[in-house]
Amino acid sequence: MKNRNRFIVILALLATVGCTAQNAPNSAPAASNNAKLVDVTLTRMGEDKAAQELTPPHHFFEELEKKTGIKTKNMGGAGMNTQEFNLILASNDLPDVWMNNWLNFPGGPKRAIDQGYILKLNDVIDKYAPNFKKVLQENPQIAKDIRTDDGAYYAFPFIRSEFDKTYVGPIIRKDWLDELQLPVPATIDEWYTVLKAFKEKKNAAAPLTFLASRFFSTGAFSGAFGVMNGFYLENEQVVFGNMQPKYKDFMILMRKWYVDGLLDKDFASIDSNTVDRKMTTGSSGAAIQLGSRNDQYHNSTRESLPQANYMGIAYPALQKGVKSKFGHLENAYPGGNSGAISAKSKNVEAAAKWLDYFYSKEGSTLVTYGTEGVSYTMENGKVKYTDLILKNPDKLTVDQARQVYGKNTNFPQIQRDAESSRGPKWIEAIGKWRDTDHEKYAIPPITHTTEESNEIAQIMADINAYVLETEIKYILGTISIDTFDDNVNTLKKMGIEKAIKLKQAAYDRYKKR
């Protein structure tokens with residue numbers, strides 16, 4: 001394992017940073033008075049290979065060591081359930097702190113505990129984590145979400161802010177709408193009119209462009225019909241959206257738009273960079289894209305398309321004045337970027353105190369903003385980033401500089417002030433994208449038994465591939481929409497009803513936690 005590549009603990013996916021942000025919320029727990037543990041070096045692993053640690057030096061971890069007295073060593077890491085991950089499990093070279101998504105471990109976090117990979121943390125939290133214990137006491141929903149059905153805590157979690165639970169939605173060229181004297185589309189019919197005008201009057205080769213995987217993982221346009229891809233709740237019962245009759249109506253609509261030249265003809269094969277290129281060259285006038293792109297597109301086209309105005313708009317409905325049932329929404333507790341402690345760690349106390357620090361006011365501030373006087377200053381009770389972040393002398397982007405001096409997101413913490421890392425157009429878009437009824441139907445972070453997890457994994461691996469393939473074929477016309485009922489029967493033969501039953505059992509247990 002000595003030659004394993006070195007990767008960073010957390011994700012580095014951040015966007016343009018605003019200059020100011022609100023100070024710490026009143027609810028932030030007070031800093032702990034734990035004594036520093038000198039001469040201790042913790043090893044840590046993460047999940048995302050793409051998030052390379054920016055070195056040398058990495059000021060966040062340097063400052064963290066000064067504050068806690070605990071050194072850490074990055075051992076890289078691997079994505080859950082990959083071959084490399086399994087090799088790490090089989091080795092004796094395990095970290096003290098392991099930041100993977102243990103919800104996705106085969107059999108779930110309970111099995112990871114039972115098999116001796118990670119610790120049950122209930123007693124550890126009581127002894128060594130006063131800040132996090134206070135979080136659990138004051139936030140019963142968080143406490144419910146991050147424990148197993150039998151009450152075991154297994155990780156110090158990354159909890160998204162309310163703001164950051166939505167980050168994907170429709171983006172449109174507002175300047176084109178103004179030029180064509182068209183209103184911002186709010187219904188499916190208005191979207192058709194707009195896309196048709198983009199094609200015919202703006203010569204857009206691909207009026208609406210998107211990645212197929214991102215498009216079908218949201219309620220983009222399907223939410224208007226009251227359905228979306230995958231599992232969700234209806235009257236406390238788990239359903240699979242792709243089987244619902246209204247999903248057929250959504251597919252009929254997408255097929256029509258494709259035939260009429262309103263969808264990107266290459267949507268099944270393009271990547272994110274291609275979507276970006278089309279949106280910044282006038283080939284496309286609308287996309288289903290990440291919120292960061294609103295500001296990115298605006299900033300990158302000031303010379304080439306200075307008139308371009310990109311705007312995030314609400315997910316459409318069938319009728320005016322009605323919310324889309326679905327859009328994009330993720331659970332506050334996503335599972336990932338949360339620190340579990342290895343069952344083989346010889347530094348359990350230090351690991352727990354190190355992780356607990358991030359739930360103190362001081363630790364939360366360090367994670368969010370970096371070091372006062374270095375990466376930020378306080379002006380009139382607000383944080384203002386220094387030129388070290390905004391105009392980095394080492395040519396680091398704002399995002400990279402924030403990763404060197406602080407972490408902000410995707411690290412064990414109760415995320416706060418996510419807006420400070422978002423551009424103004426992104427912030428505006430989030431408010432519109434959140435205006436759906438999605439939260440009423442979302443499945444919370446349930447956990448499965450070992451048997452359930454193994455069975456669902458086997459069933460859904462084939463079903464997920466089949467569903468995406470079928471959706472694309474419907475739109476391209478490779479298969480007729482008249483085969484919808486036959487394809488539903490195929491899903492049943494593949495075991496979807498069993499998967500629904502297992503999801504329901506896990507949800508019922510979750511409600512009893």
Side-chain angles (χ1 to χ4, degrees), residues 7-15 24-25 27-29 42 44-51 53 60-61 64 72 74 77 79-80 95-105 108-109 112 118-119 121 124-125 129 131-136 138-139 141-148 153-167 329-342 351-352 354-361 363-370 399 402-403 406-422 442 444-447:
F7 304 117
I8 189 166
V9 172
I10 65 164
L11 300 171
L13 181 60
L14 294 172
S27 60
L42 296 176
R44 51 185 169 85
M45 281 188 177
E47 184 163 12
D48 186 14
K49 293 182 179 182
E53 187 165 1
F60 170 77
F61 288 105
L64 185 57
T72 65
N74 178 28
M80 183 67 72
D96 293 300
V97 177
W98 207 337
M99 299 187 196
N100 279 62
N101 190 339
W102 295 94
L103 287 176
N104 293 336
F105 185 78
I118 61 176
L119 284 179
L121 296 176
V124 172
I125 292 169
N131 295 296
F132 185 53
K133 185 175 181 178
K134 185 177 180 182
V135 168
L136 297 177
E138 295 180 350
N139 298 274
Q141 187 61 52
I142 292 176
K144 181 177 180 178
D145 285 349
I146 67 167
R147 64 178 183 256
T148 63
Y153 294 111
Y154 56 91
F156 289 77
F158 166 65
I159 302 292
R160 286 192 177 98
S161 69
E162 189 67 21
F163 174 87
D164 221 37
K165 288 163 65 175
T166 295
Y167 50 84
L329 183 76
E330 297 195 7
N331 288 319
Y333 174 54
N337 306 297
S338 301
I341 299 177
S342 171
W354 186 78
L355 289 163
D356 184 64
Y357 176 72
F358 305 125
Y359 303 92
S360 70
K361 184 175 181 179
S364 176
T365 299
L366 177 62
V367 170
T368 305
Y369 304 116
D399 302 337
R402 283 176 59 86
Q403 287 296 302
K407 287 301 175 190
N408 187 255
T409 60
N410 303 320
F411 204 73
Q413 61 170 305
I414 308 298
Q415 186 187 36
R416 71 182 223 240
D417 195 18
E419 293 91 330
S420 69
S421 63
R422 310 302 190 238
I446 58 178
T447 56

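Side-chain atoms are counted along with the backbone in the values below, which use heavy atoms only and exclude waters and symmetry mates. Just so you know, these numbers come straight off a predicted model, no measurement behind them.
No donor-acceptor pair closer than 3.5 Å links the side chain of R160 to the backbone N or O of Q415. The backbone N or O of G336 lies less than 3.5 Å from a partner atom in the side chain of S338, making a donor-acceptor pair. Under a 3.5 Å cut-off, the side chain of N131 and the backbone N or O of Y357 do not form any donor-acceptor pair.
Taking all atoms of both residues into account, the shortest heavy-atom contact from D96 to L42 is OD2-CA, 3.4 Å. Considering every non-hydrogen atom in both M99 and W354, the closest pair reads CE-CZ3, 3.8 Å. Between E330 and Y167 the shortest heavy-atom distance is OE2-OH, 2.5 Å. Taking every heavy atom of both residues into account, T148 and P109 meet most closely at CG2-CG, 3.9 Å. Counting all heavy atoms, side chain and backbone alike, A352 lies closest to V124 at CB-CG1, 3.5 Å. Closest heavy-atom contact between Y153 and I125: CB-CD1, 3.9 Å.
Taking the six-membered ring where tryptophan is involved, the planes of F105 and W102 are tilted, since the angle between them lies from 30° to 60°. Aromatic ring orientation, F411 versus F60: perpendicular (interplanar angle above 60°, classes split at 30° and 60°).
One distance of note links CG of N104 with CE of M80; it measures 6.5 Å at 0.5 Å rounding.
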Show, in sequence, the C-alpha distance, side-chain angles and deciding distance for F156 and F132, and conclude whether the side chain to side chain contact (heavy atoms under 4.5 Å, CB included) test is met. CA-CA 8 Å; F156 289 77; F132 185 53; 3.7 Å; yes
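For D145, the side chain to side chain contact (heavy atoms under 4.5 Å, CB included) partners at least two apart in sequence or on another chain are Q141, Y333, P445, Y510. In this view, S342 and L94, K344, S345 satisfy the side chain to side chain contact (heavy atoms under 4.5 Å, CB included) rule, not counting sequence neighbours.
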